[in-house]
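Read through the structure below, which is laid out as structure tokens, and then see the notes.
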Amino acid sequence: MDREFPPIFDGHEDFPYEMRLGTTGFPPKPRRDFLGGSERGQVDLPRAMAGGLGGCFTSIFLTDEQAEMGAVDYAMRLMADVYGLADASAGRFRICRTVADVRGCFSDGAFASVFMFEGADPISRSLKELRIFYEAGLRLVAPTWSRSTIFAHGVSFGGHLPETGLTEAGRELVAECNRLGIILDVSHINPAGFWDMIEASERPIVATHSSVKAIAPHVRCLDDEQIRAIAKQGGTIGINFANGFLRPDTKFDQDDTPLELIVQHFRHIIDLVGDEHVSFGTDFDGTDVPAVIKDATGLPLVVRALQASGVGEAGLERICNGNFLRVAEACWK
Ligand SMILES: [Zn+2]
């Protein structure tokens with residue numbers, strides 16, 4: 001198919017969570033039409049296709065309450081929703097388990113969805129659930145969201161969380177992900193946990209949705225030393241489009257964030273460690289993004305601005321999807 005630029009494989013999207021918002025209230029809101037398209041949220045199939053978005057790591061995100069009161073149940077419910085989309089899509093939205101699956105979607109113009117856990121809350125100390133979720137398509141795990149799990153502690157969005165690194169169970173989780181062929185994600189983990197993961201993992205690690213701390217000094221962003229460590233191991237960093245992670249003032253509720261600032265985050269990593277280590281990590285349907293982007297249809301603006309900043313054809317391919325797929329090749333079976 002004809003494309004203006006290589007299909008974007010996005011490091012992090014939260015549509016399974018967003019699609020359920022309000023649907024259990026009273027009166028319940030109907031679930032939005034992901035396959036047919038709607039005005040709600042930031043991504044659906046028509047807007048993905050219009051924006052050159054070829055697929056993503058699809059986040060299984062749980063609220064604190066869900067994580068505490070039935071993480072396995074809620075995770076299965078969200079995954080079943082995504083399977084429902086795939087089943088109703090006549091092949092236009094597919095759950096992918098291999099790099100060949102993802103590339104097949106790219107060549108057929110279908111959306112490539114790969115399951116990720118944004119927090120390993122559904123996994124118990126024995127890790128036995130991990131094997132089952134792997135069979136269901138889980139291919140990327142972040143040990144924790146911005147809270148604590150039995151594996152690690154996140155960076156806090158307010159309130160106090162421990163500053164210690166991976167627990168013993170966390171080290172076992174890293175080893176088991178390496179063994180099974182599941183990519184590890186350092187987005188949301190605290191600095192001690194970050195460095196423990198870098199040390200413990202035998203495979204490249206990614207930050208699916210983290211921006212540059214040198215530009216936006218937020219606790220969720222990565223400093224230059226962390227960026228170098230991810231790069232040294234062969235990993236990549238998906239730039240998060242949350243206003244608060246892009247802006248020097250770290251304000252989430254200001255959406256006049258300029259396009260140039262998004263490009264600066266990409267450029268910072270390119271100039272520091274090369275274009276092999278930066279990707280997209282929009283956080284669509286999980287956060288407020290700049291008004292100039294609005295939703296998935298705004299992605300071509302970023303691609304064109306990257307090209308204008310000097311990113312060539314091969315670099316663009318790497319940034320759009322090649323870097324994540326290289327890590328997947330190194331980690332998945
Ligand atoms: Zn997140």
Side-chain angles (χ1 to χ4, degrees), residues 9-21 41-43 53 55-68 71 74-75 78-79 82 113-123 138-149 151-159 161 182-191 193-194 197 205-213 216-223 226-227 230 235-247 250-253 257 262 265 278-290 293 295-296 324:
F9 187 87
D10 192 0
H12 190 84
E13 297 188 1
D14 272 308
F15 52 84
Y17 166 77
E18 202 285 339
M19 282 169 60
R20 278 190 168 265
L21 283 181
Q42 294 154 344
V43 66
L53 174 64
C56 68
F57 287 117
T58 298
S59 176
I60 299 304
F61 166 78
L62 309 177
T63 63
D64 286 351
E65 192 179 26
Q66 291 165 351
E68 212 174 322
Y74 277 105
L78 292 174
M79 290 172 84
V82 179
S113 172
V114 178
F115 282 121
M116 66 169 286
F117 276 179
E118 186 175 22
D121 308 86
I123 310 299
L138 182 68
R139 290 294 179 277
L140 185 144
V141 167
T144 188
W145 185 68
S146 282
R147 60 179 163 246
S148 291
T149 60
F151 306 109
H153 308 286
V155 287
S156 172
F157 288 125
L161 290 173
I182 295 175
I183 302 171
L184 289 153
D185 180 5
V186 291
S187 287
H188 284 282
I189 204 167
N190 67 9
F194 174 96
M197 282 177 73
I205 277 179
V206 300
T208 54
H209 60 307
S210 293
S211 302
V212 172
K213 199 177 259 180
H218 190 283
V219 287
R220 267 280 284 111
C221 295
L222 298 171
D223 66 29
Q226 290 175 308
I227 293 167
I230 289 173
T236 190
I237 297 150
I239 298 297
N240 192 318
F241 284 22
N243 291 302
F245 301 151
L246 292 169
R247 301 169 62 92
T250 68
K251 285 188 175 154
F252 282 90
D253 56 353
T257 311
I262 304 177
H265 283 262
V278 67
S279 302
F280 284 80
T282 64
D283 215 346
F284 280 154
D285 281 344
T287 191
D288 292 327
V289 301
I293 301 297
D295 58 25
F324 273 132

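Not measured: the values here are computed from a predicted model. Computed over heavy atoms, backbone and side chain alike; hydrogens, waters and symmetry mates excluded. Remember, it's 1-based here, ligands and their atoms both numbered in the order they're listed.
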* Asked: What count do you get for protein N/O/S atoms less than 2.8 Å from the Zn ion (ligand 1)?
  -> 3

* For the ring pair Phe252 and His218, is the centre-to-centre distance below 6.0 Å? -> yes

* Asked: Going by atom types alone, do Ser59 and Asp14 pair a side-chain donor with an acceptor below 3.5 Å?
  -> yes

* Listed partners of Asp288 passing salt bridge (Lys or Arg N to Asp or Glu O under 4.0 Å), at least two apart -> none

* Asked: How would you list, by chain and number, every residue that makes a side chain to side chain contact (heavy atoms under 4.5 Å, CB included) with Pro122, sequence neighbours excluded?
  -> Leu62, Ala71, Val72, Ala75, Phe117, Phe133

* Looking only at non-hydrogen atoms, find the nearest pair between His209 and Ser187 and report the distance. => N-OG, 3.1 Å

* All salt bridge (Lys or Arg N to Asp or Glu O under 4.0 Å) counterparts of Asp121, not counting sequence neighbours -> Arg147

